[in-house]
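The next block holds one structure in the form of structure tokens; read it before the comments.
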Amino acid sequence: MLTSSILAAGDVLVGYGVPHLDTSAYGDGVTTVVLAVVAFVIGCFIGSFLNVVIWRVPNGISLVNPKRSFCPNCKSPIRWHDNIPLISYLVLHGKCRDCQEPISGRYPLVELLGGFMTMLAVLGPALHLYPVWLLPAAIYFAWLSIVIAFIDIDVQLILDIMTYPSMLLILALLTLASWGTGSWTPLLRAVICAVALAAFYVLLGFIWPNGMGLGDAKLAVIVGLILGWLGLRQLIVGASAAFIVGGAFALIQVARKRINMKGGVPFGPYMLIGAWIGIYVGAPIANWYLTICGLN
């Protein structure tokens, strides 16, 4: 009886579109696991580079000069064996080898996020979230999400140098995905959704100038492209989730008297959290809501 109930519940969840692992997307289960592990490891190394981008770009420091990473405190170049993601932080006990200054816990956090987000992106086709052809766009968006979120947290700005090139690159990658799948409707929908979501954020900026900026509207173009290509349900849930998650966090901070209601909360991270909610569970949430309303 219990087994039958569990199976029945599983069928209902699958019917709503809840992500479920299908190892046939990559051939078999072993291949899927190997790809996931490799994606995590590579993502951790990419995360190490993302740390460089997050710190250097807002400070106007070139990404290629100096070539080697260095300690922000003593400026000593970081040795290659001290720059292994996650492991080096543990070996060094979270301190610079030369000056013994504590290393911010953000560095291993970003490396871990790089690995986790890359793995999530790679597992997308196996979870029936999107076709394999969308994988390049999903992986790039995962890395971009980390960079924009942390820069926005640091300086409360979403930089043009990150958004403008990313708009073009993501549009190109989505075009590749449409070409690979032989369907151009998602690309047209993506462009329309990007314009609509950006216009919505511009309108919010006029209504609430201290709460929304043009940087949020530019990021909305990128979010609209990704979610719009996937579908309207992903877009609506993802866009709504940004305000639900951001609003909940803001209320907590107001209650703790960390901020006031006039602004001061970087909204970019919540837009990106909402986007990934839309990617992963946007369809099942929308299907569930439409079902209980009798519209599905």
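Counting from 1, the numbers follow the sequence of the chain as shown. These values consider heavy atoms only, across backbone and side chains, with no hydrogens, waters or symmetry-generated copies.
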Point to revise | From OG1 (Thr181) to CG (Leu176), nearest 0.5 Å | key: 9.5 Å
Check your understanding: Do Tyr140 and Leu171 share a hydrophobic cluster, counting only Ile, Leu, Val, Met, Phe, Trp and Tyr and linking them when any side-chain heavy atoms are less than 4.5 Å apart?
Key -> yes
Exercise for review: Scan residues 220-242 for pairs that pass ring pair (Phe, Tyr, Trp, His ring centres under 6.0 Å), counting only residues two or more places apart or in two chains.
Suggested key: none
Exercise for review: Please check if the side chain of Asp152 supplies one atom and the backbone of Ala149 the other of a donor-acceptor pair under 3.5 Å.
Suggested key: no
Point to revise | Trp55: partners by ring pair (Phe, Tyr, Trp, His ring centres under 6.0 Å), with sequence neighbours left out | key: Phe70
Review point. Hey, what do you get for CG (Leu232) to CZ (Arg189), rounding to the nearest 0.5 Å?
Key: 6.0 Å
Study note, to complete from the structure: Heavy-atom closest pair (Ser178 atom, Leu187 atom, distance to 0.1 Å) is OG-CB, 3.3 Å
Review point. For the atom pair CD1 (Ile292) and OH (Tyr289), what is the distance rounded to the nearest 0.5 Å?
Key: 7.0 Å
Check your understanding: Taking a hydrophobic cluster as the set of Ile, Leu, Val, Met, Phe, Trp and Tyr residues connected by side-chain heavy atoms closer than 4.5 Å, whether directly or through intermediates, do Leu127 and Leu227 fall within one such cluster?
Key -> yes
Review point. Can you list the steps and then say if Arg97 with Arg79 is a side chain to side chain contact (heavy atoms under 4.5 Å, CB included)?
Key: CA-CA 9 Å; Arg97 183 181 294 273; Arg79 301 160 182 82; 3.6 Å; yes
Exercise for review: Determine whether Ile158 and Lys218 make a side-chain contact, defined as any pair of heavy atoms from C-beta on separated by less than 4.5 Å.
Suggested key: no
Exercise for review: Could you tell me which residues satisfy ring pair (Phe, Tyr, Trp, His ring centres under 6.0 Å) with Phe150, sequence neighbours excluded, listed by chain and number?
Suggested key: none
Exercise for review: Indicate, with yes or no, if Leu50 and Ile78 share a hydrophobic cluster defined by side-chain heavy-atom contacts under 4.5 Å among Ile, Leu, Val, Met, Phe, Trp and Tyr.
Suggested key: no
Review point. If Ile, Leu, Val, Met, Phe, Trp and Tyr residues are connected whenever their side-chain heavy atoms lie under 4.5 Å apart, and connections chain through other members, are Ile226 and Trp184 in the same group?
Key: yes
Practice item. Enter the distance from Ile54:CD1 to Phe49:CZ here, rounded to the nearest 0.5 Å. Key: 10.5 Å
**Study point:** Non-hydrogen side-chain atoms of Val57 and Val52 separated by less than 4.5 Å
**Key:** no
Practice item. State plainly whether one hydrophobic cluster holds both Ile161 and Leu214, where clusters connect Ile, Leu, Val, Met, Phe, Trp and Tyr through side-chain heavy atoms under 4.5 angstrom apart. Key: no
Exercise for review: Classify the angle between the aromatic ring planes of Phe200 and Phe243 as parallel (below 30°), tilted (30 to 60°) or perpendicular (above 60°).
Suggested key: perpendicular
Review point. Going by heavy atoms in the side chains, are Ile279 and Gln234 under 4.5 Å from each other?
Key: no
Review point. Would you find a donor on one side and an acceptor on the other, under 3.5 Å apart, between the side chain of Glu111 and the backbone of Leu86?
Key: yes
**Study point:** 4.5 Å side-chain heavy-atom contact, Tyr270 and Ile244
**Key:** no
Review point. Is there a donor-acceptor pair closer than 3.5 Å between any side-chain N or O of Tyr164 and the backbone N or O of Leu159?
Key: no
Check your understanding: Are the side chains of Ile153 and Arg106 in touch, meaning some heavy atoms are under 4.5 Å apart?
Key -> yes
Revision key, fill the gap. Closest heavy-atom pair, Leu235 versus Gly224, reported as atoms and distance to 0.1 Å, is CD1-CA, 4.1 Å
Review point. Cluster partners of Ile236, using ILVMFWY side-chain heavy atoms under 4.5 angstrom, listed by chain and number?
Key: none
Exercise for review: Enter the distance from Thr118:OG1 to Leu123:CG here, rounded to the nearest 0.5 Å.
Suggested key: 11.0 Å
Check your understanding: What residues join Ile207 in its hydrophobic cluster, counting side-chain heavy atom gaps under 4.5 Å, either direct or through other members?
Key -> Leu203
**Study point:** Spatial distance of atom CG (Leu272) from atom CD1 (Ile146) [nearest 0.5 Å]
**Key:** 10.0 Å
Point to revise | Non-hydrogen atoms of Val53 and Leu63 that approach each other most closely | key: CA-CD2, 3.9 Å
Practice item. Taking all non-hydrogen atoms of both residues into account, name the closest pair between Gly274 and Ala241 and its distance. Key: CA-CB, 3.8 Å
Review point. When you measure from the side chain of Tyr107 to the backbone N and O of Gly94, does any donor-acceptor pair fall under 3.5 Å?
Key: no
Check your understanding: Does the side chain of Thr163 come within less than 4.5 Å of Val221's, by heavy atoms?
Key -> no
Check your understanding: Would you say the ring centroid of Phe116 lies under 6.0 angstrom from that of Phe40?
Key -> no
Point to revise | Non-hydrogen side-chain atoms of Cys193 and Leu225 separated by less than 4.5 Å | key: no
Check your understanding: Can you name the nearest heavy-atom pair linking Pro125 to Leu135, along with the distance?
Key -> CD-CD1, 4.1 Å
Exercise for review: Let me know which of Val34, Thr32, Val33 forms a side chain to side chain contact (heavy atoms under 4.5 Å, CB included) with Tyr26.
Suggested key: Thr32
Point to revise | Test ring pair (Phe, Tyr, Trp, His ring centres under 6.0 Å) applied to Trp179 - qualifying residues, sequence neighbours left out | key: Trp133
**Study point:** Shortest non-hydrogen contact from Tyr130 toward Leu120
**Key:** OH-O, 4.0 Å
Exercise for review: Answer yes or no: is there a side-chain heavy-atom contact under 4.5 Å between Leu134 and Leu230?
Suggested key: yes
